[in-house]
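Only one structure is covered here, and it is reproduced in the block below.
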2 protein chains.
Amino acid sequence: MARTTPQKHDEILAAAARRFGVTGYRGTSLQDIASEVGCSKAAVLYHFANKEAILTELMAPAIEVLRALDRRIAAESDPESAQRVAAEGFVALAIRFRGEIALLRGEFPALLQQPDFAHVQQISERLLDALAARSARAAARITAFVMLAGIAETCGEFADVSDDELRDALLTLLRRALEPVH
Amino acid sequence: MARTTPQKHDEILAAAARRFGVTGYRGTSLQDIASEVGCSKAAVLYHFANKEAILTELMAPAIEVLRALDRRIAAESDPESAQRVAAEGFVALAIRFRGEIALLRGEFPALLQQPDFAHVQQISERLLDALAARSARAAARITAFVMLAGIAETCGEFADVSDDELRDALLTLLRRALEPVH
DNA sequence: TCAGCCTCTGACCGATCGGTCAGGCATGCT
DNA sequence: AGCATGCCTGACCGATCGGTCAGAGGCTGA
């Protein structure tokens with residue numbers, strides 16, 4: 001997608017973020033975004049190829065960090081350190097992009113099915129595996145899933161809690177919840 | 001609404017449950033349900049007032065149990081026992097209705113906004129309060145929220161794990177994760 | 001002055017949605 | 001035989017969706 005006038009482009013992006021945060025991705029129409037910007041729906045589609053492209057660009061920085069975390073986890077050889085890297089990295093990512101995560105409140109499962117986010121699904125599975133200390137035991141994988149899904153949902157709420165306080169609470173919780181390596 | 005021919009009524013209900021489980025509530029159209037049953041869309045709307053009525057009836061048993069849990073929690077006077085009742089009751093409910101919960105995968109936030117489910121939102125908040133041992137500390141409420149949202153999402157997955165194994169894993173996790181009463 | 005590009009608009013498109021409606025048809029009571 | 005009732009259909013409705021398109025208008029360089 002060829003980059004157009006930066007300011008209008010970014011203005012639309014910001015408006016979309018605001019609307020997605022209130023009514024979710026699927027619950028926000030291109031017309032809603034256009035009204036928020038104060039232009040026509042066609043103008044929005046002049047700057048972006050389609051609706052999904054807006055979301056993709058909005059999420060690009062967060063996904064890049066997620067991929068970096070995925071690489072760091074893959075580089076760890078023993079399950080215990082992989083679990084530690086995954087836990088700390090995921091919390092750091094969730095805090096840093098809590099705004100973006102809030103946009104998708106409750107729409108993760110649906111969004112992960114979209115073609116642009118197919119690889120995110122795979123990364124999530126590897127993240128789960130690392131959090132479960134690469135164990136195949138059901139209990140370990142259930143625990144990891146609860147934490148992964150729970151933290152993702154939580155970061156959208158608690159907008160009044162500071163980054164530091166939220167991070168401390170999540171790290172403490174993870175340390176208590178995750179099963180020690182067997 | 002007046003009960004019509006029981007078998008067709010239930011047939012539509014079962015078909016809707018199947019479809020909701022695959023494509024979610026919002027992602028399933030009345031036409032989809034009608035096709036699954038093998039009748040016309042108008043026939044579906046002959047047996048049910050509207051689309052939401054199907055979901056409401058599908059969820060009625062689970063919501064009734066949730067309300068009973070809410071009453072039991074309210075009857076507990078000290079925070080510690082309220083926390084215990086909430087944790088055990090919520091896990092029991094999540095296991096018993098894991099099929100129904102799976103239907104709503106990722107659509108809780110949107111569904112809770114619908115008028116028929118407004119009181120569920122309030123019950124959820126009281127459940128969160130009980131799980132946090134009625135503490136106002138941010139860390140306690142964050143932990144409770146992660147567990148609540150995480151468990152709800154988790155029950156939809158892990159269809160291959162038995163009820164007993166899932167319950168044990170969740171109860172163990174909750175016992176480890178929930179902060180002791182201060 | 002004029003040509004060409006960038007930005008944007010309003011009208012429009014086909015598809016799909018939830019929901020309505022008049023009527024067809026079988027059944028069973030009077 | 002006649003009639004009411006229950007069940008169901010196809011045609012249809014208005015609204016909304018994401019997306020397209022021809023062209024208007026302004027700015028710029030030749």
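For the numbers below, each heavy atom of this structure counts, side chains included, while hydrogens, waters and symmetry mates do not. Lettering follows sequence order; numbering is per chain, from 1. Note that this is a predicted model, so its numbers are computed, not measured.
Remark: C1' of C:dG18 and CG of B:L55 are 15 Å apart, rounded to the nearest angstrom. For the pair A:Q31 CD and D:dA15 P, the computed distance is 15 Å after rounding to whole Å. Distance, A:I33 CD1 to D:dG18 C1': 11 Å, rounded to whole Å. Rounded to whole Å, atom P of D:dC17 lies 16 Å from atom CG of A:N50. Distance B:H9 NE2 to D:dC8 C1': 16 Å, rounded to the nearest Å. In this structure, CZ of A:F48 is placed 15 Å from C1' of C:dC8, rounded to the nearest angstrom. Atoms CG (A:L30) and P (C:dC12) sit 20 Å apart, rounded to a whole Å.
At least one side-chain heavy atom of B:L69 sits less than 4.5 Å from a side-chain heavy atom of B:I73. Counting heavy atoms from C-beta on, the side chains of B:K51 and B:Y25 come closer than 4.5 Å.
Between A:S29 and the phosphate of D:dC17, there is a side-chain N or O to OP1/OP2 separation shorter than 4.0 Å. Dashed line: the shortest gap from a side-chain N or O of A:Y46 to OP1 or OP2 of C:dT7 is under 4.0 Å. Contact check, A:S40 against C:dG10: no side-chain N or O comes under 4.0 Å of OP1 or OP2.
The base of D:dG18 lies close enough to the side chain of A:K41 for a donor and an acceptor atom to sit less than 3.5 Å apart.
Of the candidate nucleotides C:dC17, D:dC8, C:dT20, D:dC8 has the atom lying nearest to any side-chain atom of B:H47. Distance from the side chain of B:L45 is smallest to C:dT20 among C:dT20, D:dT20, D:dC17. Among the nucleotides C:dG19, C:dC6, D:dT9, the one closest to the side chain of B:K51 is C:dG19. Considering only side-chain atoms of B:A42, the nucleotide from D:dT20, C:dC21, D:dC7 that sits closest is C:dC21.
More than 12 heavy atoms of other residues, nucleotides or ligands sit less than 6.0 Å from atom CZ of B:R167. The neighbour count for A:R18 CZ, taken as heavy atoms of other residues, nucleotides or ligands under 6.0 Å away, is above 12.
Under a 3.5 Å cut-off, the side chain of B:R176 and the backbone N or O of A:A177 do form a donor-acceptor pair.
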